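See structure below.
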2 protein chains.
Amino acid sequence: MPDLIEVFREHGYEGASLSLIGARTGLGKGSLYHFFPGGKEEMAASVLAEIDAWFEHRVFAPLRGDPDPEAAIAAMFQATDLYFRSGARMCLIGIFALCDARDRFAGAIHGYFATWTQTLAEAMVRSGRNPGEARDIAEDIVGGIQGALVLARAVNDPGVFARALRRLAVRGGGLSSVRHRDTQP
Amino acid sequence: MPDLIEVFREHGYEGASLSLIGARTGLGKGSLYHFFPGGKEEMAASVLAEIDAWFEHRVFAPLRGDPDPEAAIAAMFQATDLYFRSGARMCLIGIFALCDARDRFAGAIHGYFATWTQTLAEAMVRSGRNPGEARDIAEDIVGGIQGALVLARAVNDPGVFARALRRLAVRGGGLSSVRHRDTQP
DNA sequence: CTTGTTATGTACCGATCGGTACAAACATCT
DNA sequence: AGATGTTTGTACCGATCGGTACATAACAAG
């Protein structure tokens, strides 16, 4: 249901009315409630699960499992840029976090951001940083991505996101494996 | 109308129903529409104007006018920490930017973030940085503040905001005048 | 074709939305 | 006191909200 995700992403939880969802997906209420007997809340939950699965597969798992942590971090920045369409796409979970659904989906929201920050910090520890510094940088990066998305949207300039991502990648060491700098003496 | 601001801050534009506003402010519809004939939209606009005035007075003007740019930047971080209650308070304009009111108040939202970024960058230029670097750092700081607010709310830990603000202050040189480091040889 | 299951459109429900109308209450001033 | 102007409460409006009921349409299996 990519359409379903996009409706929630563009209008938030409260703003995504059933009529909007129906118009966007081409499904009537009958179909909608056939696939999601739990109504709007189940639709949003399924969307959140889908997003979580994407990040789990493309970001979190590599950060945890890749034997080369720096490569995994570089891949994370690439995946992030791709997912958010270089700043043209908003973060649905961030939207849910501050707007309308923060209580309803508190668990999923917390899990998403906590997992991201933690797996990133752990990857940094594995690549040689001390734990305290790693947590700081991880928070800086995950928060920086969210803030760049907000800023890019607010001033209507995706370039803000691109620049932020580049800065954050340098800071996280994720560009080193791309630039092949550290491998040179 | 501090209550009015808080209702919008906690529920967003769409979420702040007239019944919620009435309950929070203690005013009935009669009074509400007496003071704001333009209805909800005028209420939100007045709230945005109030916030803009606060930042203009406490942040933007000092950044522009203070003969000591580094002191102004340090004061900015202090004011920011105070305004957002060390991460316990959300940024209403950020909420409006991504959730429900981004089109309706696009001008005010854009102005807020653009002014903040620009005046901060200019202060940095005045304190000796080159313009390109100044813009980068300014975007980093303003975006970082927004992101830290999102993250702090999402994981329900105001400490995230405190740590982020400290990092950003160091990065922006705003702590130098506090620590009295640069004045020593 | 018949049958059983899955999918869909439509009509409806009570609740709430933002907004309007207006008369009673209140204050203010001569 | 009386007259004037400002604040309030309340009843109401049409529209839309999320959700339910149910009859029908589409379809696969036999």
Side-chain angles (χ1 to χ4, degrees), chain A residues 1-51 90 92-109, chain B residues 1-51 90 92-109:
Chain A
M1 293 297 172
D3 286 320
L4 191 57
I5 297 189
E6 242 43 49
V7 179
F8 280 113
R9 195 195 306 281
E10 288 166 17
H11 299 92
Y13 181 76
E14 309 277 5
S17 69
L18 288 188
S19 61
L20 264 177
I21 294 173
R24 177 74 174 244
T25 62
L27 268 51
K29 280 191 181 186
S31 310
L32 249 20
Y33 274 84
H34 175 72
F35 294 118
F36 303 100
K40 207 167 118 171
E41 183 150 358
E42 190 180 339
M43 299 179 207
S46 112
V47 156
L48 285 176
E50 216 167 305
I51 293 175
M90 202 45 46
L92 187 148
I93 303 191
I95 291 173
F96 275 26
L98 23 134
C99 298
D100 29 28
R102 101 173 83 105
D103 296 321
R104 204 186 298 261
F105 302 107
I109 293 167
Chain B
M1 290 292 173
D3 286 320
L4 192 56
I5 298 191
E6 242 44 50
V7 179
F8 280 112
R9 194 195 305 280
E10 289 166 17
H11 299 92
Y13 181 77
E14 309 276 6
S17 69
L18 288 188
S19 61
L20 264 176
I21 294 173
R24 176 75 174 243
T25 61
L27 267 50
K29 280 192 181 185
S31 311
L32 249 20
Y33 273 83
H34 175 72
F35 294 118
F36 304 99
K40 206 168 121 170
E41 183 149 359
E42 189 180 339
M43 300 178 206
S46 112
V47 157
L48 285 176
E50 216 167 306
I51 293 175
M90 202 45 48
L92 188 148
I93 304 190
I95 290 173
F96 274 27
L98 21 135
C99 297
D100 28 29
R102 101 173 83 105
D103 296 320
R104 202 186 299 260
F105 302 107
I109 293 167

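Sequence lines set the chain letters: A, B, ... in the order given, protein chains first and strands last, and positions in each chain run from 1. What you see below is based on every heavy atom in this structure, not just the backbone, and it leaves out hydrogens, waters and symmetry mates. Being a predicted model, the structure only gives us computed values, none of them experimental.
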(message) Between S19(A) and dC17(D), is there a contact of a side-chain N or O with OP1 or OP2 at under 4.0 Å?
(response) yes

(message) Just the rounded figure in Å: distance from C1' of dC17(C) to NZ of K40(B).
(response) 8 Å

(request) Could you tell me the separation between the CE atom of M1(A) and the P atom of dA7(C), rounded to a whole number of Å? (result) 10 Å

(request) Can you tell me the distance, in whole Å, between the NE2 atom of H11(A) and the P atom of dT16(D)? (result) 15 Å

(message) What I'd like to find out is whether the side chain of M1(B) reaches to under 4.5 Å of the side chain of M43(B), using heavy atoms alone.
(response) no

(message) What is the separation between atom CG on L27(A) and atom P on dG9(C), rounded to the nearest whole Å?
(response) 7 Å

(message) I need the NZ-P distance between K29(A) and dT16(D), as an integer number of Å.
(response) 12 Å

(request) Find the distance F35(A):CZ to dA7(C):P and express it as a whole number of Å. (result) 5 Å

(request) Verify the contact: side-chain N or O of S17(A) to OP1 or OP2 of dT16(D), cut-off strictly under 4.0 Å; return yes or no. (result) no

(message) Rounded to whole Å, please give me the gap between CG in L18(A) and C1' in dG18(D).
(response) 6 Å

(message) Over all strands shown, is Y33(A) touching base, sugar-phosphate only, or nothing at heavy-atom distances under 4.0 angstrom?
(response) base

(request) Using whole Å, report how far CD1 of I21(B) lies from P of dG18(C). (result) 7 Å

(message) For a quick test of reading the model: is some side-chain N or O of H34(B) closer than 4.0 Å to OP1 or OP2 of dT7(D)?
(response) yes

(message) Please check: side-chain N/O of K29(B) versus main-chain N/O of G22(B), any donor-acceptor pairing under 3.5 Å?
(response) no

(message) Which is more 5' along DNA chain D, the nucleotide nearest G30(B) or the one nearest Y13(A)? Just name the residue.
(response) G30(B)

(request) Determine the minimum heavy-atom distance between L32(A) and L18(A), stating which atoms define it. (result) CD2-O, 4.5 Å

(request) Mind telling me whether F8(B) and F96(B) have parallel, tilted or perpendicular rings, with 30° and 60° as the class edges? (result) perpendicular

